[in-house]
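Accompanying notes for the structure given below.
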Amino acid sequence: MLKQYETVFIATPVLSEQQMKEAVAKYTKLITDNGGEVVSEENWGLRQLAYPIQHKTSGFYYLIQFKSEPTFVETLETQYFRDERIIRFLTVALDKNAVAYAEKRRENKKKAAAAPKEEPVQAPAEQPAEEENA
């Protein structure tokens, strides 16, 4: 029975964009080659870390949501451990509420990306109050 999982990994900040794409392709291919299905991917980009990890203060964050057999997670995490580009990772199983929340979040993100951006409306300049001479 396939369960839905979410994995986030942090790659070292010294990678080029091409190297980061190769790392992501490696893990998505690993998932699909082992009978899994990639549900969604999100590149969160380069971000500051809360504390230094391996003397690095920033890293590339990437999220992959996938469906697979529960035994596959151990294989995936073993590959994370062996890859020197990955400095941290976390994989969690999603329950039905988390799956529903993730779907809703993806839909809202698509709507926000598709909606035209509105320019902020500027308030009219205030007119100085006229002084009354009595």
Closest approach of [X] and [Y], non-hydrogen atoms and distance?
X	Y	result
V38	I31	CG2-CG2, 4.1 Å
L46	S58	CD1-OG, 3.9 Å
F60	L15	CE1-O, 3.6 Å

message = Can you pull out every salt bridge (Lys or Arg N to Asp or Glu O under 4.0 Å) where at least one residue sits in residues 15-26? Sequence neighbours excluded, please.
response =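 Listed by first then second residue: E17-K21, K26-D83.
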
Requested in this report: Taking side chain to side chain donor-acceptor pair (under 3.5 Å) as the test, write out the residues that go with D33, two or more places apart.
Outcome: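 Scan of D33 (side chain to side chain donor-acceptor pair (under 3.5 Å), adjacent residues dropped) gives K29.
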
Requested in this report: Sequence neighbours left out, what pairs pass side chain to side chain donor-acceptor pair (under 3.5 Å) with at least one residue falling in residues 59-71?
Outcome: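 Found E6-Q65, S40-Q65, E41-Y62, Q65-R106.
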
Any pair counted as side chain to side chain donor-acceptor pair (under 3.5 Å), so long as it reaches residues 43-56, sequence neighbours left out:
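For residues 43-56, and leaving out neighbouring residues, the side chain to side chain donor-acceptor pair (under 3.5 Å) pairs sorted by first residue read E42-W44.
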
**Message:** For the CG atom of N34 and the CG atom of L76, what is their distance to the nearest 0.5 Å?
**Reply:**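 Rounded to the nearest 0.5 Å, the CG-CG separation comes out at 9.0 Å.
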
key: I10 side, atom CD1; I86 side, atom CD1 - distance, nearest 0.5 Å   =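 Between atom CD1 of I10 and atom CD1 of I86 there are 9.5 Å.
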
Check your understanding: Which other residues belong to the hydrophobic cluster containing M1, where Ile, Leu, Val, Met, Phe, Trp and Tyr are joined when side-chain heavy atoms lie under 4.5 Å apart, directly or via other members?
Key ->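 Taking Ile, Leu, Val, Met, Phe, Trp and Tyr as members, M1 stands alone, with no cluster partners.
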
Summary of ring pair (Phe, Tyr, Trp, His ring centres under 6.0 Å) pairs that have at least one residue in residues 85-108, sequence neighbours excluded:
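Every ring pair (Phe, Tyr, Trp, His ring centres under 6.0 Å) pair that includes a residue of residues 85-108, provided the two are not neighbours, is Y80-F89, F81-F89.
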
Ring-ring centroid check F9 Y27, cutoff 6.0 Å:
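Centroid separation for F9 and Y27: below 6.0 Å.
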
Can you get from V14 to L49 by hopping between Ile, Leu, Val, Met, Phe, Trp and Tyr side chains that sit under 4.5 Å apart?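 No, V14 does not connect to L49 through the hydrophobic network.
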
